[in-house]
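Data block below; observations after.
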Amino acid sequence: IKVAFRESGASHVLALSGLHLGIIYVIIRKSLGIIGNSPAAKMMKSVTTMALCGFYTLATGAGPSIVRALLFIIIGETAMLTHRKNSLRSMILTAMFIQLIIEPSAIKDVGFQLSYAAVAGIAWIYPHLRSFWPGNPSDDKGMVKGLRWIWNSAAMSVACQITTGPIAWIYFRAFPTYFLITNMIAIPITGLVIPSCLLAMILECFGICPDFLINAIDSIISVLVQSLDIIASL
């Protein structure tokens, strides 16, 4: 499985990374939406979100990529609470500065380098590639809206590969030829698997997890692994 994920260009899906914490962050924020939007509620949502994400970071070993994602969350939540303007580029530089102050040796870690390289591609290259698709997104309807989503997803994959590809080649002497197809399949499935697994874990704690949910998750993961096996063999 590791070989299939690596050779197809989906190692970031198998390894614990900022991608997973990002998905969990979205789930937590949406779940806390029932609290409301009063100043006290916003403060409670932010503190709870940062605490839960911090717990996840520590529980998973606080790898460089996870720490980077946690710093993004803390910076973003703090900016929102203090009514400050924020941007992905400023978050990248601030998080890197803080992380290197705490652990200077992290700069030699390949996970650190790949993580920041990926988000740098999203911040500086992706907006230019995305703009190649003409028109205003708010005016899209039907098939055009779907095609724009496909284009945006492909543009993000290309942007990340431009910045992470050279680093991966230096360390591993490998470049995933079909990374575009891989990400178009793996990212949406991952976004479905993680929330489903969290739901299954919560239900299992109460002893009410239905078998069909477990079987559905197993089937989805099997589809992902088999798809990556095929791509890796091309």
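Values in this document were obtained by computation on a predicted structure and should not be read as measured data. We're numbering straight along the sequence, starting at 1.
Lys45 places a side-chain N or O within donor-acceptor distance of the main-chain N or O of Gly36, the cut-off being under 3.5 Å. Thr182 places no side-chain N or O within donor-acceptor distance of the main-chain N or O of Ala10, the cut-off being under 3.5 Å. In this structure, Thr57 contributes its side chain and Ala62 its backbone to no donor-acceptor pair below 3.5 Å. Thr163 places a side-chain N or O within 3.5 Å of a backbone atom of Ala117 that can act as its donor or acceptor partner.
When the shell of 6.0 Å around CG of Asn215 is examined, it contains more than 12 heavy atoms from other residues, nucleotides or ligands. Taking a 6.0 Å sphere around CE of Met44, one finds it holds 12 or fewer heavy atoms contributed by other residues, nucleotides or ligands. Within 6.0 Å of CG in Leu203 there are more than 12 heavy atoms belonging to other residues, nucleotides or ligands.
Residues Val193 and Leu21 are members of one and the same hydrophobic cluster, defined by side-chain heavy-atom contacts under 4.5 angstrom among Ile, Leu, Val, Met, Phe, Trp and Tyr. Residues Ile74 and Leu32 share a single hydrophobic cluster, defined by chaining ILVMFWY side chains whose heavy atoms lie under 4.5 Å apart. Linking Ile, Leu, Val, Met, Phe, Trp and Tyr residues whenever their side-chain heavy atoms come within less than 4.5 Å places Leu70 and Ile28 in a single cluster. Using a 4.5 Å cut-off between side-chain heavy atoms of Ile, Leu, Val, Met, Phe, Trp and Tyr, with links allowed through other members, Trp151 and Leu180 fall into the same hydrophobic cluster. Each of Val67 and Leu58 belongs to its own hydrophobic cluster when Ile, Leu, Val, Met, Phe, Trp and Tyr are linked at side-chain heavy-atom distances under 4.5 angstrom.
To the nearest 0.5 angstrom, Phe179 atom CZ is 12.0 Å from Ile231 atom CD1. Note that CG of Leu228 is 11.5 Å distant from CD1 of Ile181, once rounded to the nearest 0.5 Å. Note that CZ of Phe212 and CD1 of Ile217 are 10.0 Å apart. Values are rounded to the nearest 0.5 Å. Of the inter-residue distances, the one linking Ile24 atom CD1 with Ile66 atom CD1 reads 8.0 Å to the nearest 0.5 angstrom. Here the CD1 atom belonging to Ile107 is positioned 10.5 Å from the CD atom belonging to Gln99, to the nearest 0.5 angstrom. In this structure, OH in Tyr178 is found 13.0 Å from CD1 in Ile185, a value given to the nearest 0.5 Å.
Judged as a side-chain hydrogen bond (donor to acceptor under 3.5 Å, both in side chains), the pairs with a partner in residues 104-114 (not counting sequence neighbours) are, in order, Gln113-Tyr171. Residue pairs that meet the ring-ring contact (aromatic ring centres under 6.0 Å, His included) test with at least one member in residues 21-69, sequence neighbours left out, do not exist here. Listed by first then second residue, pairs satisfying side-chain hydrogen bond (donor to acceptor under 3.5 Å, both in side chains) with a partner in residues 221-234 number zero, not counting sequence neighbours.
Counting heavy atoms from C-beta on, the side chains of Ile187 and Leu19 come closer than 4.5 Å. Residues Cys209 and Ile214 are in side-chain contact: their nearest non-hydrogen atoms beyond the backbone lie under 4.5 Å apart. With contacts defined as side-chain heavy-atom distances shorter than 4.5 Å, the pair Ile35/Thr48 does not qualify. Using a 4.5 Å heavy-atom threshold, the side chains of Pro195 and Ile23 count as touching. Within the 4.5 Å cutoff, the side chain of Thr177 has no heavy atoms near those of the Leu234 side chain. Counting heavy atoms from C-beta on, the side chains of Tyr126 and Val158 never come closer than 4.5 Å.
Of all non-hydrogen atoms in Ile122 and Cys160, the two that sit nearest each other are CG1-SG, 3.6 Å. The two residues Gly9 and Pro176 come nearest to each other via the heavy atoms CA-CB, 3.5 Å. Minimum interatomic distance between Ala155 and Leu129 (heavy atoms only, all atoms of both residues): O-CD1, 3.5 Å. Looking at every heavy atom in both residues, Glu77 comes nearest to Ser46 through OE1-OG, 2.6 Å. Residues Pro64 and Gly111 share a closest heavy-atom pair of CB-C, 4.4 Å. Nearest heavy-atom pair, Gly18 versus Ala69, reported as atom, atom and distance to 0.1 Å: CA-CB, 3.6 Å.
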Please output the side-chain donor-acceptor pairs of residues 89-98 that fall under 3.5 Å, not counting sequence neighbours, one pair per line with the distance.
{"residue": "Arg89", "atom": "NE", "partner": "Ala123", "partner atom": "O", "Å": "3.4"}
{"residue": "Arg89", "atom": "NH2", "partner": "Ala123", "partner atom": "O", "Å": "3.4"}
{"residue": "Ser90", "atom": "OG", "partner": "Asn86", "partner atom": "OD1", "Å": "3.2"}
{"residue": "Ser90", "atom": "OG", "partner": "Ser87", "partner atom": "N", "Å": "3.3"}
{"residue": "Ser90", "atom": "OG", "partner": "Ser87", "partner atom": "O", "Å": "2.8"}
{"residue": "Ser90", "atom": "OG", "partner": "Ser87", "partner atom": "OG", "Å": "3.1"}
{"residue": "Thr94", "atom": "OG1", "partner": "Ser90", "partner atom": "O", "Å": "2.7"}

As a quick check of understanding, evaluate side-chain contact (heavy atoms from CB on, under 4.5 Å) for Ile1 and Val225, giving each step before the final call. CA-CA 7 Å; Ile1 291 176; Val225 174; 4.2 Å; yes
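Between Phe112 and Tyr116, the ring planes are tilted. Angles from 30° to 60° get that label.
When hydrophobic residues (I, L, V, M, F, W, Y) are linked wherever their side-chain heavy atoms come within less than 4.5 Å, the members clustered with Leu81 are Met43, Val47.
Applying the salt bridge (Lys or Arg N to Asp or Glu O under 4.0 Å) criterion to Arg148, with sequence neighbours excluded, gives Asp140.
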